[in-house]
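The sequence lines fix the lettering, A, B, ..., with proteins before strands; numbering per chain opens at 1.
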Protein chains: 2
Amino acid sequence: MDRLELRTLRYFVAVAEELHFGRAAVRLHMSQPPLSRAIRALETELGATLFHRASTGVILTGAGAVLLDEARALLDRADRVRARVATAAGAAALTVGILGDSTDPDVVRLAETYRRRHPHVEVTIRETDLTDPTCGLHAGLVDVALTRGPFDPTGLTTHTLRADPVGALLRADDPLAGRASLTPADLADRRWFRFPAGTDPLWQAYWHGGEPRRGPVVRTVRECQQVVLWNGTVGMTLAEHVPAEGLTVVPLTGLPPSPVLLAWPRADPSPLVRSFVRTAIAAYDAA
Amino acid sequence: MDRLELRTLRYFVAVAEELHFGRAAVRLHMSQPPLSRAIRALETELGATLFHRASTGVILTGAGAVLLDEARALLDRADRVRARVATAAGAAALTVGILGDSTDPDVVRLAETYRRRHPHVEVTIRETDLTDPTCGLHAGLVDVALTRGPFDPTGLTTHTLRADPVGALLRADDPLAGRASLTPADLADRRWFRFPAGTDPLWQAYWHGGEPRRGPVVRTVRECQQVVLWNGTVGMTLAEHVPAEGLTVVPLTGLPPSPVLLAWPRADPSPLVRSFVRTAIAAYDAA
DNA sequence: TGCGACGATACCCGTGCGGTATCGGGTGCG
DNA sequence: CGCACCCGATACCGCACGGGTATCGTCGCA
C-alpha cells in the first residue's frame with residue numbers, strides 16, 4: 001500500500017524519459033541497481049508491467065505511458081506545494097550571524113543554496129567582529145550564528161560542523177618564521193594581540209594560546225594582521241589561513257583545532273532556524 | 001529536499017483533521033512520538049510553522065490550512081493513479097491454486113484482501129486434490145500456488161510462509177487413540193492410506209511417514225477421513241486438524257512440520273504474481 | 001499541591017534503501 | 001564463429017531512518 005511515494009515516481013519519470021536505466025540513475029545521482037529494484041517494486045505494487053525490457057532497449061508499456069502522465073502531474077503539483085505554503089506563511093526573515101570580516105566562499109554558497117530552496121525567506125547576513133563569537137545571538141541581533149567555538153553556550157544549542165587546525169601568525173622575518181611547527185611555549189615570551197576585556201572568557205583563552213597574554217587589543221582579522229605586521233606581535237589564526245604580504249603562518253601543535261559550529265537560541269527555535277541548520281549541516285557534510 | 005513525501009502528507013492530514021496528535025496516531029496505526037517527529041520535520045522542511053501547539057490544544061496556522069488543502073488534493077490524485085494505471089493495463093487475470101478440498105478461512109481472507117487492493121484483477125481460485133502439491137503449476141493451470149511442501153521444486157520458486165506440526169489420523173476407538181503422542185514406528189504395522197502412483201515422490205514420502213506404505217489409495221481429505229473411519233487404516237494429517245466425528249488426531253513426533261508455501265514458475269513472474277506473493281507474505285506475517 | 005492529559009525528548013532496534021561487486025545474455029564486430 | 005562490451009538483474013553489505021517503548025515537562029484543573 002505504501003510503495004507509491006513521490007520519490008519512487010521521480011525514479012519512474014527519470015527512467016521513462018531516458019528509456020535507459022543507467023542514464024536515469026546518473027541523472028538521479030544514484031547507482032543503477034537500486035533504481036532497477038525500485039522500478040521493479042513499483043511494478044509489483046501496481047500489479048502492472050511498466051517497461052518492456054528488450055535487449056534492443058527499454059520501452060514504455062501502455063500502463064507505463066499512463067503512469068508517466070499521472071506521475072508528472074503529481075510531481076508538478078507537489079513542487080508547487082512548497083511555494084504555496086511559503087507564500088501562505090507570509091514574509092519571513094532570517095538573520096544569520098557570521099564571524100569575522102573575511103568573506104568565506106563556503107558561507108556565500110550556503111546562503112545561495114538556502115535562498116534557492118526557501119525563496120520566500122529574506123536572508124540577512126550579519127558580520128561580527130572577533131570579540132563576539134556568538135555573533136549577537138545573546139543580544140538577539142541574529143537568529144542563528146555560523147561561527148567558531150569555544151564560547152559560553154548558556155541558553156544556546158550548538159552543532160559542530162568541522163574543526164580546523166590552528167597556527168601562529170608571525171612576521172615573515174620573525175626568527176621563528178621558518179620553523180615547521182611551533183607550540184605556545186615557543187611564543188611564551190612574546191607580545192600577543194589580545195581581545196578586549198569583556199570578550200567571552202573561553203573564546204579569549206582559546207585564541208591566547210591557552211595562557212594569559214599581554215599585548216595590543218584587536219577586534220578584527222584585519223587589525224590582527226596589521227598589529228603583527230607593524231610591531232612583531234604574534235597571535236593565533238587558522239593554519240590554512242593565507243596571510244597578507246609580509247606575514248606567515250606556522251602550524252601550532254598541542255592545541256585543539258578550532259571548531260566551526262552553528263549556534264541558535266535553545267528555546268523553541270523557529271522552523272526557519274531549523275531549516276537553515278539542516279541546510280547548513282547537509283552542505284558541510286557534502287563538503 | 002526529500003522530506004515531502006505522500007506518507008508524510010498523510011500524517012499531516014490526519015493531525016490537521018484530528019487536531020490532536022494522540023488521536024491522529026491511533027488513526028494512523030502508529031504511536032505518537034514518531035508522528036510528532038514527522039510533523040516537526042515537515043515544518044523544518046517547509047520552513048513554516050504548521051500547527052500552534054497551545055496547552056489548550058492544537059490549531060492550524062495559515063500555512064497549515066493551505067497545506068491541508070494542497071495535501072488533500074495531492075493524496076486524492078495519488079489514490080486515483082492506481083486505478084488509472086490498472087485500467088490502462090487492461091483486463092488482468094490471476095489463477096491461484098490451493099491445495100485440498102477443505103475451505104481455509106485464511107485463504108478466503110487473503111483473496112478478499114488482494115481483490116480489494118487490485119480490483120482490476122480477475123482472481124480465480126482453483127482447488128486441487130492432494131495428489132498434486134503444485135496445484136497444477138507444472139501443468140500451467142495456475143499462475144501461483146498456495147500449497148504445502150515438500151515437492152519437486154524444479155522450475156519453481158517457493159517461499160515458505162509457515163510450518164505446522166503433523167499428527168496421526170486414527171479412529172477414535174483405535175488402541176493408540178488415547179496416547180499423548182506417537183511416532184511413525186508406532187504405526188509401522190498398520191495399513192496407511194496412500195497417494196496414487198505418479199504423485200510427487202517427495203510429497204508421497206512425507207505423508208507416508210517417511211516409509212513405504214501399503215493401503216488404500218486416496219485423493220482428497222474427505223477420502224482420507226472416510227478410509228480411516230471405515231476400516232482402521234491410519235494416515236497423517238495436520239496436528240491442529242479437527243477431525244470428523246469418530247476420528248481423532250494424535251501428534252506425531254520426530255517428523256518435520258508441514259510447510260505452507262507459495263510457489264510460482266521461476267521464469268519471469270508477472271507483476272500480478274509478484275503482487276500476489278507480496279500480499280500473501282504480508283498477510284501471513286501479520287497473522 | 002497533586003494529578004491527569006498531552007506533546008516533546010531520549011534511546012533502541014529492525015528494516016529498507018543505497019552502495020559495490022558480479023552475473024547473464026544478447027549484440028555487434030573482427 | 002568467438003570474443004568483448006553493453007546493460008539490466010542479482011547478491012550481498014552497511015547504515016540511516018522510521019518506528020517502537022519509556023520518560024519527561026508543562027499546563028490545567030480539582
Side-chain angles (χ1 to χ4, degrees), chain A residues 1-12 14-16 18-45 49-61 64 157 266-271 274 278 281-282 285-286, chain B residues 1-12 14-16 18-45 49-61 64 157 266-271 274 278 281-282 285-286:
Chain A
M1 187 58 186
D2 44 359
R3 297 284 176 143
L4 191 62
E5 286 293 332
L6 295 179
R7 180 171 46 86
T8 314
L9 291 180
R10 285 192 194 92
Y11 291 178
F12 168 76
V15 176
E18 298 284 346
L19 290 177
H20 189 289
F21 280 76
R23 281 196 296 275
V26 169
R27 186 163 122 184
L28 294 165
H29 305 109
M30 66 191 293
S31 61
Q32 169 261 322
L35 180 58
S36 288
R37 262 189 315 171
I39 299 296
R40 169 66 60 112
L42 181 61
E43 289 178 319
T44 303
E45 171 73 22
T49 304
L50 300 171
F51 296 101
H52 282 306
R53 285 90 155 166
S55 58
T56 149
V58 172
I59 58 172
L60 267 183
T61 63
T157 306
R266 177 175 298 277
D268 191 30
S270 77
R274 296 203 310 266
R278 233 173 69 87
I281 292 176
D285 276 354
Chain B
M1 186 58 189
D2 44 359
R3 296 287 178 143
L4 192 61
E5 286 293 332
L6 295 179
R7 182 172 43 87
T8 314
L9 292 180
R10 286 195 193 89
Y11 291 178
F12 169 74
V15 176
E18 298 285 347
L19 290 178
H20 188 290
F21 280 76
R23 281 196 298 274
V26 169
R27 199 217 271 192
L28 293 166
H29 305 109
M30 65 192 291
S31 60
Q32 168 259 322
L35 180 58
S36 287
R37 261 189 315 173
I39 299 296
R40 168 67 60 112
L42 181 61
E43 289 178 320
T44 303
E45 171 71 23
T49 303
L50 300 172
F51 297 101
H52 283 307
R53 287 93 157 162
S55 56
T56 149
V58 173
I59 59 173
L60 266 182
T61 63
T157 306
R266 177 175 298 278
D268 193 30
S270 76
R274 296 204 309 266
R278 232 172 69 89
I281 292 175
D285 276 355

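Whole-Å rounding puts the A:Leu28 CG to C:dC17 P distance at 15 Å. Remark: P of C:dG7 and CG of B:Leu35 are 9 Å apart, rounded to the nearest angstrom. Rounded to whole angstrom, the span from the CD1 atom of B:Ile39 across to the C1' atom of C:dT9 amounts to 17 Å. For the pair B:His20 NE2 and C:dC6 P, the computed distance is 4 Å after rounding to whole Å. The CD atom of B:Glu18 sits 12 Å away from the P atom of C:dC6 (whole-angstrom rounding). Put simply, CZ on B:Arg10 is 15 Å from P on D:dG18, counting in whole angstrom units. The separation between B:Arg40 atom CZ and C:dA8 atom C1' is 8 Å, rounded to whole Å. Going from atom CZ of A:Arg278 over to atom C1' of D:dA16 covers 13 Å, rounded to whole Å.
In this structure the side chain of B:Glu43 never reaches within 4.5 angstrom of the side chain of B:Thr61, judged on heavy atoms. By the 4.5 Å heavy-atom criterion applied to side chains, A:Phe51 and A:Ile59 are not counted as neighbours. Using a 4.5 Å cut-off on side-chain heavy atoms (C-beta onward), A:Leu42 and A:Tyr11 make no contact.
Among the heavy atoms of the strands lying under 4.0 Å from A:Arg7 are primed sugar atoms or P, OP1, OP2 only; no base atom is included. Within 4.0 Å (heavy atoms only), B:Phe51 reaches no atom of the nucleic acid at all. Across all strands shown, A:Ser31 has heavy atoms under 4.0 Å from base atoms, whether or not it also approaches the sugar-phosphate.
Considering CZ of A:Arg274 and CD of B:Glu45, their distance stands at 11.5 Å, rounded to 0.5 Å. Between the CZ atom in B:Arg7 and the CG atom in B:Leu28 there is a gap of 11.0 Å [rounded to 0.5 Å].
Both A:Met30 and B:Leu19 lie near DNA chain C, and the one whose nearest nucleotide falls closer to the 5' end is B:Leu19. Nearest-nucleotide mapping onto DNA chain D: of A:Gly57 and A:Arg37, the residue sitting toward the 5' end is A:Gly57.
For the pair B:Ser36 and C:dG7, the criterion of a side-chain N or O lying under 4.0 Å from OP1 or OP2 is not met. For C:dA8, one of the phosphate oxygens OP1 or OP2 lies less than 4.0 angstrom from a side-chain nitrogen or oxygen of B:Arg53.
Side-chain proximity of B:Pro33 to D:dG19, C:dG19, D:dA22: nearest is D:dA22.
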